[in-house]
Structure formats: C-alpha cells, structure tokens
Amino acid sequence: MDKTLFDKVWEQHVVCEINDGPSVLYIDRHFIHEVTSPQAFTGLNEKGLQVFRPKQTIATADHNVPTYDQHLPIKNALSRKQVSVLTENCKTYGIELYGLGHPYQGIVHVIGPELGITQPGMTIVCGDSHTSTHGAFGNIAFGIGTSEVQHVLATQTLLQFKPKTMRINVEGDLQNGVMAKDLILYIISKIGMGGATGYFVEYSGQAIRNLSMESRMTVCNMSIEMGARGGMIAPDEVTFEYLKNREFAPRGKAWGKMISYWNTLHTDVDAVFDRKLTFHAEDIAPMITFGTNPGMGMCIDEMVPSPEHKLNGETYSFDKSISYMNIDSGTMLLGKKVNYVFIGSCTNGRIEDLRQVARVVKGRKKAPNITALIVPGSRQVEAMARKEGIDKILEAAGFELRQPGCSACLAMNEDKIPKGEYCVSTSNRNFEGRQGPGSRTLLASPLTAAATAIKGYIADVREII
Amino acid sequence: MDKHYLAERMEKFDKLISSVVPLAGENIDTDQIIPARFLKATTREGFGENLFRDWRYDDKGEKVKDFPLNNKKYTGKILLAGKNFGCGSSREHAAWAIFDYGFRVVVSSYFADIFKNNALNNGLLPVQVSETFSETLFRSIEDKPGMEVEVDLKAQLIKLPGMSISEPFEINPFKKHCLLTGKDDFEFLLDHLESIREFEKNSIYTLETY
Ligand code: SF4
C-alpha cells in the first residue's frame, strides 16, 4: 500500500500499540534546555531512576541566558540557578551539555541541525513547541511537556496518539524579497491558528523544493503556529548536501548506506492524506502580522482587516487583539513608526537570515529611533557571521551583533520590549506580552525587519532591494 | 493540594460537581496562562499564583476587578474557556498553574494538542464540547453565576443538573483509565523497558546496543 512520509517514519518507531490507545513511540534524539527540564530530573531522582539512553539526549542553555557578557556569571539569580541545575543534572546523568561558552551552544533548534545531530527519518522531541523545526529533514519532530521529558529520559519512548496527516502544497516560485517566513505566515493567515490542530503536516510542491535547508527549517518551525503537531519535508539532494560533513553526520561507508535509506523517505504517489491544501507562491508578498496571534497576518501593502473579518469561520477575539495592539482596522501598517526591531530566534536566527539582513543593511545607516537586537541562533552562526564580516557591516550601520540565545523571542532574559512599544520581530509569536509585559509584536521576515530598522518605520523591502 | 502527590502520582479523577469560572475569548495561549518570566522555577509548585498573571493584575500589581478569576461571582473547580484553548508554547507550567490554582476540569470547544496532553498527564481533565454546548454554558453561567455543572468521567457526560441539559464528551479509553485509576503514562512505559530494549536491536538511530 502507498504510504505517506509520515506513516513511513512513524511505523519505523512504534515499539508496540495499545488497543484503542496510544502507541509506544521510540525517540531517536531528545533535546533539553534549562527551562522545561528541571522538574523532569526531579521526577527521576524521586523515583531513583537513571536516564535510559543518556547519549541520545543533548542539552544546551538557550531560553534564559543573557546575550552579552556570556563569559561572566549570569546576573539574574533565578536564571543562574536554572542554568546551574541543568549543568548539575547533565553531569549526574551523563548527558552532553553545550552550555554557555561552549562553541556548540545555541538555540536548541538551531544547533541540532547545524551539528548534524538532526537526520532524516528520525523521531526528535524537546520540551519546546518549535521542535517542529527539525521536520525540515523529513523526520517526526514535535514539542512535548515536562512530564513527557521525564518519560523520554527514563525510557527513550513516549505514549503517542497517531495524528491525522495533512499535505500543504505550494506551487510556483517565490518572488524577489519574499522569504520562507512570508510563505509560512501567509499559510497560517489563510488557515488560522487552530487550522491544523490534530494534524501532522507535510509540505511539498515546487516552492518548497526550491527552498534552502535553512528556509525549510523556517517553514517547519512555524507549523505549530497553526496548531499542527509538526511539519515535515521529504529529504532530497538539498538535505544531503546540507548534512554532509557536519560534526555528527555519518561518514564514509555509513554515509552511502544512509543515503540509500533516506532516499526511501518520501510520500508514495497514491498515498492518502486526511486533508490536502494547495497555495501558489506568486500570491505571496512580504507579510506582517497586525494582531496577537500568528494567524492575524496580511501582505505588507494591505489594510488591516475589519472586525467582521472571520478566518475560516474562526471568530477570534479580534477586537481585544487589535485594541491591545492599538491598531485600527482599515489602516495601512506601511509607514507606521516602530522603535524596536528583533532579528533572531529559532525561526530566523540562522546564517542565511543574517546574510539577508546584511544585504539590506550594507552601506546604509540605522534609523535614529530604532533600537535593534540582532541575536545569532548559535555560537556557530555567530562565528560564521564574524568570519564573513557581517558583524562589521552591521556595526557600520549602527547595529550590534549580540551573543546567541532565545533573547527577545520570549523575553525571559533582559532583552525585553518596553510596554506599549512596537517591535518588528523575526520570531514566531506575537502573543500579548510575549516580548515583555505590554509589548506589541509584529511578525515579519528578516528582510522586512532589516528594511524597517533602516527606515524607522514599517517598510516594504521590495522598494529598497 | 498535596504538592508531593502531584510530583509522585497523578490525582485520580472520577466525578466532579462544581460551579464554573467562565473565561471568554478564543485562542488563549499558554503565554497568557503563565507568562514566560514566571518559568524560572525549578520545581512544579506555586505556579497558580501567577496563573493569567497579566490579565489578573494591572501594572501596579492590583487585581483587575472584572477579570473572571477576580470576580467574586465566579468560583469553582471548572474553568470554561473559549475555542482553541492552550495554543502556543508547550510549557507544561500552564497545566500546572491551572491545577495549582485549584481547577480540576477545563471545558472548551477546542484544545491545542500539546496542552491537552499536558493536562491529561497531570490529572487535569480537558472536556471538549460542541460550540453550541459551550455557548449554552457561557450564557447559563452569565445568568446564574453560581450554577453547578457536573462532569462525570465514567459516563463521559457533562451536565447542567438544574436544567436537564447534558452532552457526552470524548476521551480515549486508555487516558480515561489513567485518570480513573491515577496511573499515568510513566508507569505504563516503565513496565515496557524489556520490549523497548528488544526494539532497539533493530533501530537505526539507537547510538549503542546495550
Ligand atoms: S527562539 Fe523562541 S521559539 Fe525558539 S526555542 Fe527559543 S524561545 Fe522558543
């Protein structure tokens, strides 16, 4: 019988099934960080259990770390404690930790792929919803809660219900100035924030095939923002090329063997999905959000829709949202003054994103009203940016390249947007207060964020590149 | 609540009759349920204090009067929320905060997947109802704030006793059994270590065979 990519990977990992219940699903790789793991270790400790497969769990410190002076002790006592508890736990249980100062440290969803830990056909979990990022390699990757972190630590498995499958096809070619971020914001704006709840999504079609590996990660990253359990893309030459020679990628004979296996990881012609959607890349322009959920997005040159606006029958709390944002229906966001720009996160904190930013910024100056936070996704991204001279281009324009971490994406550290201020952000969530209490987030691509930082107001990048 | 109990073993759930706290609005995300800046703790306790922090308190730390959790009209162990409750971040702290505050049931016409899982893993019952039923509930509670609602897990029924209105709800038989007995996924998985080891012999990405 013809199978979907999802089915193939799922079936490879079912240890056993419970009648009328979930399956015991084997987990190949498990990432942990300081915020959602401490209680899981406490749970193990209380029961006197060991970590079952310590080599298959990889730890880093990212959510709660400062983005400057990382060589000094963390100032905030609670943050410092979380990081030191993680360090202790990793030591006790024999887990590899890429902590602050380690050349491999960075946002968990940036380092997994760049180190070659993430490989096609795997099951990957982490106590973080954007684990869906890793699906770009054709694997089943999803976020879990802390109880489940404990389950994986102790048994390397999880009890999981098989989700439904959805295929999202994007045909055609993306236009100049339109990035993967715009593509996924566009899809979410069409199907809504709960539009894929209960589903695992496979992205396909020419526009997806033509994306680089890093852009594919941006797309899969935001699958969760439409409620999907995860998103995946079948591995191909682009995937293999990206993986080759990475630190933990297979080498020599093993590489060839894995390639033959990875080549089987695609949806068969007659495989059946529970739902199928098609979009056209030509319809997609640079996107920006105007509300307080990622589904409230529009093309940058459109007007903010009216309250009667209903998305696929989803009557979201529209009034509350735009009043929080202090944005009026029927107005344009283009030209709106904003004082903050955040470039970074597991959505858009990779080297290609920084290169795109540099492309806009080069030879220009930051607008005087703008405070910009430019935060690389990992130490390796930071190192590459410095090697390529991107830091110099940024400095010449009046920006500063920070040290890696989640930073203002969730504002657990000092990097917060002040109350009432607008921030054009390359991260993935524009929820109320996400970037600090009272902050107002407008999600966009790195190109749009860079253009805004130069102009001092929301700008259409197509006019300056 | 017995804090130790939560960490050790899930609280059993069978039947609950309680008044309801209604929280209107769709797409309530876990960043609202418990904002990130309160995730710095390394234990599971005390999150209830900061449940819906930025909606419950104003800038000066004063209670926002008309927010349902602060409104004396509304009390009880059942939280009624709008559609797509618990979307966004996977933080289990959201389920802990709701439980720690004293809720045992959340009713919504739609739950985000990860939240639903997290709730079930902590003995917090997510009851998914039809939109019509949810609207009826919201309206009835507005009319009669102290009104009690019965949630019967065994019968998989949610009832408005005074009004002879009820609706069946779905729950997976395995999860139902877990809640009724207080046994959780963890104990089940620990019982399967032998088959997991057996599975690993042919698994591609297991790093070592043990
Ligand atoms: S960058 Fe943001 S979304 Fe990504 S893992 Fe960090 S906090 Fe989560």
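Sequence lines set the chain letters: A, B, ... in the order given, protein chains first and strands last, and positions in each chain run from 1. Quantities reported herein were computed from a predicted structural model and do not represent experimental measurements.
- Heavy-atom distances place the side chain of A:Ile18, and not its backbone, under 4.5 Å from chain B.
- Residues B:Phe169 and B:Val151 meet the side-chain proximity criterion, which asks for heavy atoms closer than 4.5 Å.
- Contacts between B:Ile204 and chain A at a heavy-atom distance below 4.5 Å involve the side chain alone, from C-beta outward.
- Both the backbone and the side chain of B:Tyr205 come within less than 4.5 Å of a heavy atom of chain A.
- Among the candidates A:Val15, A:Val24, A:Leu78, the residue making the largest number of heavy-atom pairs closer than 4.5 Å to chain B is A:Val15.
- Interface residue A:Leu159: backbone and side-chain heavy atoms are both found under 4.5 Å from chain B.
- For A:Gln435, no part lies near chain B; criterion is any non-hydrogen pair under 4.5 Å.
- Both tests hold for B:Arg53 against B:Tyr57: distance to the six-membered ring centre under 6.0 Å, angle to the ring axis within 45°.
- Partners of B:Tyr101 according to the ring-ring contact (aromatic ring centres under 6.0 Å, His included) rule, which considers only residues two or more places apart in sequence or in another chain, are B:Phe103.
- Of the two parts of A:Leu158, only the backbone, made up of N, CA, C and O, holds a non-hydrogen atom closer than 4.5 Å to a non-hydrogen atom of chain B.
- Per-residue counts of heavy-atom pairs under 4.5 Å with chain B were compared for A:Asn64, A:Val85, A:Thr36; the largest is that of A:Asn64.
- At least one donor-acceptor pair closer than 3.5 Å links the side chain of A:Gln156 to the backbone N or O of A:Ile27.
- In this structure, chain A has no heavy atom under 4.5 Å from any part of B:Asn202.
- Using a cut-off of 4.0 Å between Lys/Arg side-chain N and Asp/Glu carboxylate O, B:Arg37 and B:Asp54 are scored as salt-bridged.
- Only the backbone of A:Ile144 comes within less than 4.5 Å of a heavy atom of chain B; no side-chain atom from C-beta onward does.
- Proximity to chain B (any heavy atom under 4.5 Å) is shown, for A:Gln119, by both the backbone and the side chain.
- For A:Gln39, the side chain to side chain donor-acceptor pair (under 3.5 Å) criterion is met by no residue, not counting sequence neighbours.
- Of the two parts of B:Asn118, only the side chain, counted from C-beta on, holds a non-hydrogen atom closer than 4.5 Å to a non-hydrogen atom of chain A.
- For the set A:Lys320, A:Lys416, A:Arg29, A:Glu225, the count of heavy-atom pairs under 4.5 angstrom toward chain B peaks at A:Arg29.
- A:Lys419 places none of its side-chain heavy atoms less than 4.5 Å from the side chain of A:Pro437.
- Contact annotation for B:Lys116: neither backbone nor side-chain heavy atoms come within less than 4.5 Å of a heavy atom of chain A.
- Between chain B and the options A:Glu34, A:His130, A:His13, heavy-atom pairs under 4.5 Å are most frequent for A:His13.
- Proximity to chain A (any heavy atom under 4.5 Å) is restricted, for B:Tyr110, to the side chain, taken from C-beta onward.
- With a 4.5 Å cut-off on non-hydrogen atoms, A:Asn428 does not touch chain B at all.
- Between B:Asp100 and B:Arg44 there is no salt bridge, since no side-chain N of the basic residue sits under 4.0 Å from a carboxylate O of the acidic one.
- Contact of A:Val149 with chain B is not made at all, since no heavy-atom distance falls under 4.5 Å.
- Neither the backbone nor the side chain of B:His177 comes within contact range of chain A, judged by heavy atoms closer than 4.5 Å.
- Of the two parts of B:Ser203, only the side chain, counted from C-beta on, holds a non-hydrogen atom closer than 4.5 Å to a non-hydrogen atom of chain A.
- In this structure, the side chains of B:Asn117 and A:Arg229 come closer than 4.5 Å at one or more pairs of heavy atoms.
- Formation of a donor-acceptor pair under 3.5 Å by the A:Thr131 side chain with backbone atoms of A:Val125 is not found in this model.
- Proximity to chain B (any heavy atom under 4.5 Å) is shown, for A:Arg434, by both the backbone and the side chain.
- Among A:Gly433, A:Gly227, A:Gly198, the residue with the largest count of heavy-atom pairs under 4.5 Å with chain B is A:Gly198.
- Using a 4.5 Å heavy-atom cutoff, the side chains of A:Asp28 and A:Ile124 are not in contact.
- Looking at A:Thr42, the atoms closer than 4.5 Å to chain B (heavy atoms on both sides) all sit in the side chain, from C-beta outward.
- Within the 4.5 angstrom heavy-atom criterion, only side-chain atoms of A:Tyr261, from C-beta onward, approach chain B.
- A salt bridge does not link B:Glu142 with B:Arg139: none of the charged nitrogens is closer than 4.0 Å to a carboxylate oxygen.
- For a residue to count as touching a neighbouring chain, one of its non-hydrogen atoms must lie under 4.5 Å from one of that chain's; by this rule A:Phe41 does not touch chain B.
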